Amino acid sequence: MSLLDLVKEAGIIGAGGAGFPTHVKLAAKAEYILLNGAECEPLLRVDQQLMALYPDEIIKGFEAAGRLVGAEKALIGIKGKHKEVVEVLKERIGALQLGNFVEVKELKDAYPAGDEQVLVYELTGRVVPEGGIPIHVGCVVINSETALNIYRASRNEPVTEKYITIAGDIPKRLTVKVPVGTPIIEVLGLSGIENFADYAVIDGGPMMGPVMRSMDGYVTKKTKGLVILKKKHHLIKRKTTGLEQAKRVNKSCEQCRMCTDMCPRYLLGHNLQPHKMMRVTNYGLQDAEDQKMVYLCSQCNLCELFSCPIGLFPKSNNQYLKQRLIEKNIRITKVPTSFVHRKNREFRLVPSKRLVAKLGLHHLDKPAPMTDITLKPEVVYIAKSQHAGAPAIPVVSVGDHVNAGQLIGKIPENSLGAAIHASISGTVVETENAYIAIRRD
C-alpha cells in the first residue's frame, strides 16, 4: 500500500484549525513542503514539545510527505526562541542525512506566525493570492503533529489519540495525550480545579478559539488546547460579546484604520481593509463588490484583541458582512495574480510578549510540560464530523465489539472526508447521531 493510501486509511487530518484531510493535501504536487511548528497562539505548548520529544519521527514523517508531493525542499518553520528544539532538529536532520532536503528556518516571535499564508511568506517569500491557498504558490503546509501521524501511518498506526495543552488560570498547567472522544470535562479535571462554576473554557488558543458554551463536548483530532479562565476575565467577556452588542459598540468607530494597518493579510498585500467594512455597516453602504473583501479575513482576531485602540469588534463585523453575502449567494472571485507584501510589514509585526500582555495573560504564560497521565474514559464519543468535508459513515453497529485502532467510520463515496477509528477497545453503544460511542471493556 502506498504512503498516500496509508495516510488516508489512518484518518489523518490537520491537527488544528479546520482539520483538512491530509491525504488530499498530499495528493498535490508542490515545490515546497512546509512544517508549521510556529504554534503562535499564546499558552499552547503542543508542537514545541512534540518536536523535542519525537524529532526523528516528525522529521521522517515530514520528509516522506515531501517526497510524496515531489517537493524540491522541505522547510521546518519554528520560532527562533525555542533554541533547544531548533538545535535538536538540526542535529537529528544531520544524523539522518537529510540535510540536502530538510532544513530548519527560524521564525520571529510574532503573531500570527502560524497562519498558513504568513508562514508561506516567511519561509519562501511567496504571497498566496487573495482567496487562494498555499498550493497556488507551489506549497503544501502541514504541522508537526500531522507529520508525526504520517510517520505512524507508515507503520500502520491510525489516529486514535490527541495531544492537548491545558492552560490558563489553573493550579496545574500541562500537556497530555488522550484518546480521541474523551469527554472534555475529564480532561479539564487534570487542571486541579474541581468546581468550574466560576470558569469558562476556550476551545483552542486565546486569540482564535471560541468560548465553549458548555463543558459537555468531546476531544476530536483537531482539539489543540483548553484554556481555562475566570468568567470575569476581560478576554472571556470580549469573546462572549454577542453580534448585536458588537454592532452597537462598533458605531463608535473613528476610522483610525489601525485594524487595517495591523492586519496580517493586508500587510501581505491583500485588499482586506476592516476599517472600510466598519464604514459599510455603520453608514449603510451596500456596494457588494467592495464587501467581498471580508472573505479574505483569516479571523486571527488581531484587530479585535490587539489593534483597535478603543476595543471595537472589526473581526465580528467582517463575519457579519460575510454571512450576509453568503445568504445572498455573493462569492469572492479568485483572481490569479501575484501579490507583493507592503513595505512597512516588518515594522508592524506584533511581538508575542506584547500580545500576551494585552490579553492579560502574562502571569499565566508559563510552561505546560508534557505529562504521562493515562486517562481511561468509560465511554468515548467519536465525532463522525471532526474534519473538513462530509461526516464519516459508520461501518460498525450497536453491540459490535471493536479493538483500539479498528476502523469504525469510512469516507463517503466521492466525497471529501476522513476515516475514524476506535480509540479504545470496547462495545459500540451508539451510531445514529453525531457520534459513534464506545463503552470500554
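Only a predicted model underlies this, so the values are computations on that prediction, with no experimental measurement involved.
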Engineer: With no hydrogens and no angle check, is any side-chain donor or acceptor of Y381 less than 3.5 Å from a backbone partner on E430?
Structural biologist: no
Engineer: Using 0.5 Å steps for rounding, measure from the CG atom of N301 to the CZ atom of R238.
Structural biologist: 8.5 Å
Engineer: So, N149 versus T146: side-chain donor-acceptor pair below 3.5 Å or not?
Structural biologist: no
Engineer: Identify the two heavy atoms, one from H234 and one from G360, that lie closest to each other, and give their separation to 0.1 Å.
Structural biologist: NE2-N, 4.1 Å
Engineer: Is K353 atom NZ crowded by more than 12 heavy atoms from other residues, nucleotides or ligands, each under 6.0 Å away?
Structural biologist: no
Engineer: In this structure, are over 12 heavy atoms from other groups packed under 6.0 Å from K29 atom NZ?
Structural biologist: yes
Engineer: Does the pair R439/E378 count as a salt bridge with the N-to-O cut at 4.0 Å?
Structural biologist: yes
Engineer: Are any of the side-chain heavy atoms of C259 and C308 separated by less than 4.5 Å?
Structural biologist: no
Engineer: Assess R45 against Y163: is NZ or CZ under 6.0 Å from the centre of the six-membered ring, and within 45 degrees of the ring's axis?
Structural biologist: no
Engineer: Under the 6.0 Å and 45° cation-pi test, does R342 pair with Y266?
Structural biologist: yes
Engineer: More than 12 foreign heavy atoms under 6.0 Å from NZ of K292: is that the case here?
Structural biologist: yes
Engineer: Would you say CZ of R354 has more than 12 non-hydrogen atoms from neighbouring residues, nucleotides or ligands within 6.0 angstrom?
Structural biologist: no
Engineer: Give a yes or no on whether the backbone of M370 and the side-chain of Q49 come within a donor-acceptor separation of less than 3.5 Å.
Structural biologist: yes
Engineer: Walk me through whether L35 and I58 qualify under side-chain contact (heavy atoms from CB on, under 4.5 Å).
Structural biologist: CA-CA 10 Å; L35 185 78; I58 289 173; 4.1 Å; yes
Engineer: Return the orientation label for the Y435 and Y218 ring planes: parallel under 30°, perpendicular over 60°, tilted otherwise.
Structural biologist: perpendicular
Engineer: Within 45 degrees of the ring normal and closer than 6.0 Å to the centroid, is that where the cationic atom of R126 sits relative to Y32?
Structural biologist: no
Engineer: Rounded at 0.5 Å granularity, tell me how far CG in D203 sits from OG1 in T220.
Structural biologist: 7.5 Å
Engineer: What is the distance from atom CG of L75 to atom NZ of K105, rounded to the nearest 0.5 Å?
Structural biologist: 6.0 Å
Engineer: State whether the number of non-hydrogen atoms from other residues, nucleotides or ligands found under 6.0 Å of K73 atom NZ is greater than 12.
Structural biologist: yes
Engineer: Within this structure, what is the CD-CD distance for the pair E304 and Q299, rounded to the nearest 0.5 Å?
Structural biologist: 9.5 Å
Engineer: For residues V227 and G168, report the shortest heavy-atom separation together with the two atoms involved.
Structural biologist: CG1-CA, 4.3 Å
Engineer: When you look at CG of N100, are more than 12 heavy atoms from neighbouring residues, nucleotides or ligands closer to it than 6.0 Å?
Structural biologist: no
Engineer: Near H362 NE2, under 6.0 Å, is it more than 12 heavy atoms from other residues, nucleotides or ligands?
Structural biologist: no
Engineer: What's the spacing between I228 CD1 and Y199 OH if we round to 0.5 Å?
Structural biologist: 8.5 Å
Engineer: Quick one: are I420 and Q386 in side-chain contact, heavy atoms under 4.5 Å?
Structural biologist: yes
Engineer: Is the number of heavy atoms from other residues, nucleotides or ligands under 6.0 Å of K358 NZ greater than 12?
Structural biologist: yes
Engineer: Output yes when K90 and E106 qualify as a salt bridge under the 4.0 Å nitrogen-oxygen rule, no when they do not.
Structural biologist: yes
Engineer: Less than 3.5 Å apart, any donor N or O on the side chain of D441 or S425 sitting next to an acceptor on the other?
Structural biologist: no
Engineer: Check whether any side-chain heavy atom of V428 sits under 4.5 Å from a side-chain heavy atom of I408, and report yes or no.
Structural biologist: no
Engineer: Knowing that exactly one of V219, I184, V46, L44 qualifies, which makes a side-chain contact (heavy atoms from CB on, under 4.5 Å) with I164?
Structural biologist: V219
Engineer: Run the numbers on T160 and H421 for side chain to side chain donor-acceptor pair (under 3.5 Å), then give the verdict.
Structural biologist: CA-CA 6 Å; T160 60; H421 301 77; over 6 Å; no
Engineer: For the side chain of K239 and the backbone of M207, is there at least one donor-acceptor N/O pair under 3.5 Å apart?
Structural biologist: yes
